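First comes the structure, then the notes that go with it.
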Amino acid sequence: MRKLNHALLAGALALACASCTAEKEANYQVIPLPQEVSLTQENPFKLNENVLIAYPENNALLQRNAEFLSEYIQQAANYAPKTKAIAAGEQVKNAIVLGLDPGIANKEGYVLTTTPEGISINGQTENGVFYGIQTLRKSIPAEAKEATILIPAGEIKDEPRFSYRGMHLDVGRHFFPKEFIKKYIDLLALHNMNTFHWHLTEDQGWRIEIKKYPKLTEIGSQRSRTVIGRNTQEYDNTPYGGFFTQEEAKEIVKYAQERYITVIPEVDLPGHMLAALASYPELGCTGGPYEVEKTWGVFPDVICIGNEKAMVFLEDVLSEIVELFPSEYIHIGGDEAPRDRWKKCPKCQARIKSENLKADKKHTAEDRLQSYCMSRIEKFLNSKGRRIIGWDEILEGDVAPNATVMSWRGMNGGLEAAKLGHDVIMTPNTYVYFDYYQTADTKDEPDAIGGCVPLEKVYSLEPVPASLNENEKKHIIGVQANLWTEYIATTQQIEYMVLPRMAALAEVQWTLPEKKDYRNFTKRLPQLLAFYDREGLNYGKHVFNIDSKITSDPEKKAVMIELSTIDDAPIYYTLDGTEPSAKNGTLYKEPIAVTQAANFKAIAIRPNGNNSKIKSEQIDFNKATCRPIELKNQPSPKYSYDGAIVLVDGLKGTNSYASGRWLGFPGKDVEATIHLEESTEISRVSTEAIIDLSAWIMGACGLSVAVSDDGKDFREVASKDYP
């Protein structure tokens, strides 16, 4: 038995030794990409459980930063380095030392220096040190498992491009609990963001307790049922609701502050107020009855601006909001407020008259009434030391003089606001609306509101229009992505919709444009995805799928298919609809020319088993396919994609109008000339349109067909009108 015990002890020592000598290498291939990374040839610093995290004594913020860093290391390596306060000038060895350096120019900038003896992270402020910690955190392998971590020697000098780096969440359409809001804030911190825009009130639910108006949560936080799907006639017949108490709101604000994130609340006014009107019907133009809305959209019932009691209500609500949220900004919405009720309301018309609100060529008197409301609320909040943010609709009328504008309907609103001298936060729906689909292939995707914003589209955003002069460019103070939750009912779906698009957004917000490169970004992305995996986050894996470019070649009379993956994984394809594999498929080597109808399928195969989703395309040929085509009127720049060739490329449109398969023509007839290049018998002509009334996209109301023998003189041979 004695020999056996010795053998067991020796085995235990060997295992312990193997454990303590295991090493894993860190690297600085992080997201967002730091502005400047300079590596040296020195040995790396060895991070293990014996390393100390030191911070200046009597600095509570850096103490908390040190505790965060210890916690982050524990999440990766299962050991938590001890933290220690040190006196000024005190030297410590084998340590990560946090400190302040007033010589660093940017208040959120930092310098991270690594030598074989230790690491220092200095910032102008504690905020900057925190971002240095995030870079160190993301450089460490997500799963280090008690290993000694080798941190490369060198120096990182870094600072953000924009001072406002935001992420939005709508809790009005669907409600999400306090603990998830904290988790969402942690995601912002991981991605170097500093602003959480919290959309708290909606037609479908009022989500914040207001002591003076208890019915807002007693009545306004609950809807009787919720529509199923895209505003169908079906409902789930299940009451739905929830709200945050003021104590919970304070707790969330404190949690965010500890992570250097400012919570900006939004109370959307004067529109999107049905939950408030259901609670206090006297605040509306008609007096009701109203109910908390159970469908999605924009509704005519809004706050009665002519009713002084309604204006006092708004001021009372905001008085409590500013007590809960210490942010410099308060968001007051201003979007999607129909004027219908104001036009017929005696009180509103009396207000228009008493305030001498005049119509002009661009604006109605009711537009001026909304401007009166926004300006009055701005003055009220200014009196409390706060500033307002509004959506770009606040430009429709007399803009509140000191308002910051959030440009969501593309970039033009922000461009106009910057020229007028307003600070601007860019949130263009075509780039950073994360409630849009992540892929044009929506077959297996959860419901989304529409549109298509893939990862690469997010990354491609340049928030500062080149047409602005240097002074105007300074007014673009930040970038934000928005997540509206009409079709997002669970926290798992929130994660899926924002990740990894939040990573692309982070690089838009932080990294200088000349240093951005999408291919390089995708090479760094798996390192961040490992953090998502460790935390059990539900994220979109579209980045590993096949990227295809399908074009029409009129000369070859062929549909050309080009395929690629972010990691150059081998791709196998079939043209007969069978499932592709390494055995049953052709290895892709060059663009594929398809000259007849084909059921194309392809898959990228990886050694680790992380294969792509199968890419499928039905390619149909008819007498117009791959023929030269001309358009008399060009499509809207927003929906032009590859131009006229989209109409004859052998591909049908998907159920997403933003997939690149549809052309959009506002205000003019579509006149297309297809050159068949030889005498051709035609028995049938068909066309298709996508219809999405919620996005103001309509179908055709008629079709006519004309033919010509010489391409000059045409004669109509068929026509039909549609309802």
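Excluded from the calculations below are hydrogen atoms, water molecules and symmetry mates; all remaining heavy atoms, backbone and side chain alike, are included. Heads up: numbering here begins at 1 and tracks the sequence. Please read these numbers as outputs of a predicted model, since none were measured by experiment.
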Y79 versus N48, side-chain donor and acceptor atoms under 3.5 Å: no
Hey, is CD on E25 packed in by over 12 heavy atoms from elsewhere, all under 6.0 Å? no
Tell me if a side-chain donor or acceptor on Q124 pairs with a main-chain N or O of A105 at a distance below 3.5 Å. yes
Salt bridge or not for D567 and R519, using N-O below 4.0 Å? no
In this structure, is the centre-to-centre distance between the rings of H199 and W391 below 6.0 Å? no
Evaluation steps, side-chain hydrogen bond (donor to acceptor under 3.5 Å, both in side chains), between Y110 and N122: CA-CA 5 Å; Y110 67 89; N122 291 308; over 6 Å; no
With distance as the sole test, does N611 use its side chain to make a donor-acceptor pair with the main-chain N or O of R606 at under 3.5 Å? yes
Looking at CZ of F434 and CG of L483, how far apart are the two atoms once the value is rounded to the nearest 0.5 Å? 8.5 Å
Heavy atoms only: give me the nearest I261-A189 pair and the separation to one decimal. CD1-N, 3.8 Å
Quick one, D101 with V111, criterion side-chain contact (heavy atoms from CB on, under 4.5 Å). Give me CA distance, side-chain angles, the key distance, then yes/no. CA-CA 9 Å; D101 179 357; V111 176; 5.8 Å; no
Looking at N482 and W484, what are the two nearest heavy atoms and their distance? CB-NE1, 3.7 Å
Cation-pi check, K516 to F521: give yes when NZ or CZ is under 6.0 Å from the six-membered ring centre and within 45° of the ring axis, no otherwise. no
Before giving the answer on ring-ring contact (aromatic ring centres under 6.0 Å, His included), spell out for H422 and H475 the whole-Å C-alpha distance, their side-chain angles and the decisive distance to 0.1 Å. CA-CA 6 Å; H422 292 273; H475 285 293; 8.3 Å; no
Whether S407 side chain and G414 backbone form a donor-acceptor pair below 3.5 Å: yes
Test: K541 cationic atom under 6.0 Å from Y539 six-membered ring centre, within 45° of axis: yes
In plain terms, say whether K82 and E49 are close enough for a salt bridge, that is, a side-chain N and a carboxylate O under 4.0 Å apart. no
Enter the distance from D533:CG to L528:CG here, rounded to the nearest 0.5 Å. 10.0 Å
Does the pair D441/K615 count as a salt bridge with the N-to-O cut at 4.0 Å? no
Sidechain N-carboxylate O distance under 4.0 Å for R64, E67: no
So, are R161 and E462 salt-bridged, with charged N and O less than 4.0 Å apart? yes
If you measure from OG1 on T427 to CG on L461, what distance do you get to the nearest 0.5 Å? 10.0 Å
Quick check for you: to the nearest 0.5 Å, what is the distance between L169 atom CG and E266 atom CD? 11.5 Å
May I ask you to say whether E472 pairs ionically with K419, meaning some side-chain N is under 4.0 Å from a carboxylate O? no
Main chain of F68, side chain of R137: is a donor-acceptor contact present, judged purely on distance under 3.5 Å? no
Heavy-atom closest pair (G540 atom, P500 atom, distance to 0.1 Å) is O-CD, 3.2 Å
At their closest point, which heavy atom of Y532 faces which heavy atom of A503, and how far apart are they? OH-CB, 3.9 Å
K178 charged N/C atom sitting above F244 aromatic ring, 6.0 Å / 45°: no
Greater than 12 external heavy atoms within 6.0 Å of E514's CD: yes
K46 with E23: basic N within carboxylate O range, under 4.0 Å: yes
How close do L525 and I31 get, heavy atom to heavy atom, and via which atoms? CA-CD1, 3.7 Å
With a 6.0 Å cut-off (strictly less than), is the heavy-atom count around NZ of K182, excluding the residue itself, greater than 12? yes
Look only at the side chain of R534 and the backbone of A142, and say whether a donor-acceptor pair between them is shorter than 3.5 Å. yes
For the OH atom of Y164 and the CD1 atom of I389, what is their distance to the nearest 0.5 Å? 5.0 Å
Taking everything shown except K157 itself, do over 12 heavy atoms lie less than 6.0 Å from its NZ? no
Run I156 and E36 through side-chain contact (heavy atoms from CB on, under 4.5 Å) and show every step you take. CA-CA 6 Å; I156 297 175; E36 185 180 331; over 6 Å; no
Please say whether the positively charged group of R165, taken as NZ for Lys or CZ for Arg, lies over the ring of Y131, i.e. under 6.0 angstrom from the six-membered ring centre and within 45 degrees of the axis. yes
Take I252 and W198 through the side-chain contact (heavy atoms from CB on, under 4.5 Å) test and state the conclusion after the steps. CA-CA 11 Å; I252 288 166; W198 201 7; 3.5 Å; yes
Measure the spacing between CG of L33 and CD of Q35 and express it to the nearest 0.5 Å. 7.5 Å
Can you find a pair of side-chain heavy atoms, one from E126 and one from N59, that are under 4.5 Å apart? yes
Looking just at side-chain N and O atoms, do E445 and Y496 make a donor-acceptor pair shorter than 3.5 Å? yes
Could you report the tightest heavy-atom contact between M411 and P465, atom names first, then the distance? CE-CG, 4.4 Å
Using a 6.0 Å cut-off, check whether atom NZ of K549 has over 12 heavy atoms from anything other than its own residue. no
Is a donor on one side and an acceptor on the other found under 3.5 Å between the side chain of N106 and the backbone of E159? no
Is there a side-chain contact between I330 and V322, using heavy atoms and a 4.5 Å cut-off? yes
Would you check if the side chain of K138 reaches a backbone N or O of L190 as a donor-acceptor pair within less than 3.5 Å? yes
Is it true that a side-chain atom of N545 and a backbone atom of K613 form a donor plus acceptor pair closer than 3.5 Å? yes
Heavy-atom side-chain contact between F196 and I181 under 4.5 Å: yes
Do L499 and L187 have side-chain heavy atoms sitting under 4.5 Å apart? yes
Does the side chain of M193 reach to within under 4.5 Å of the side chain of Q509, using non-hydrogen atoms? yes
K84 with E90: basic N within carboxylate O range, under 4.0 Å: yes
Quick check: do Y518 and L455 have side-chain heavy atoms less than 4.5 Å from each other? yes
Does the side chain of S70 come within less than 4.5 Å of P81's, by heavy atoms? yes
Does anything in residues 253-263 pair up under side-chain hydrogen bond (donor to acceptor under 3.5 Å, both in side chains), and if so which pairs, sequence neighbours excluded? N65-Y260, D186-Y255, D186-R259, K254-E258, Y255-R259
Any heavy-atom pair between the side chains of Y588 and E562 that's under 4.5 Å? yes
Short question: side chain of D423, backbone of T404 - any donor-acceptor pair under 3.5 Å? no
Would you say N78 and E146 are linked by a side-chain donor-acceptor pair, where the criterion is simply a distance under 3.5 Å? yes
Can you check whether T485's main-chain N or O pairs, donor with acceptor, with D435's side chain at less than 3.5 Å? no
Are W510 and H191 close enough that their ring centres sit under 6.0 Å apart? no
Modelled atom types, side-chain donor and acceptor of N94 and E117, under 3.5 Å: no
Kindly assign one of parallel, tilted or perpendicular to the pair F180 and Y184, based on the angle between their ring planes and the thresholds 30° and 60°. tilted
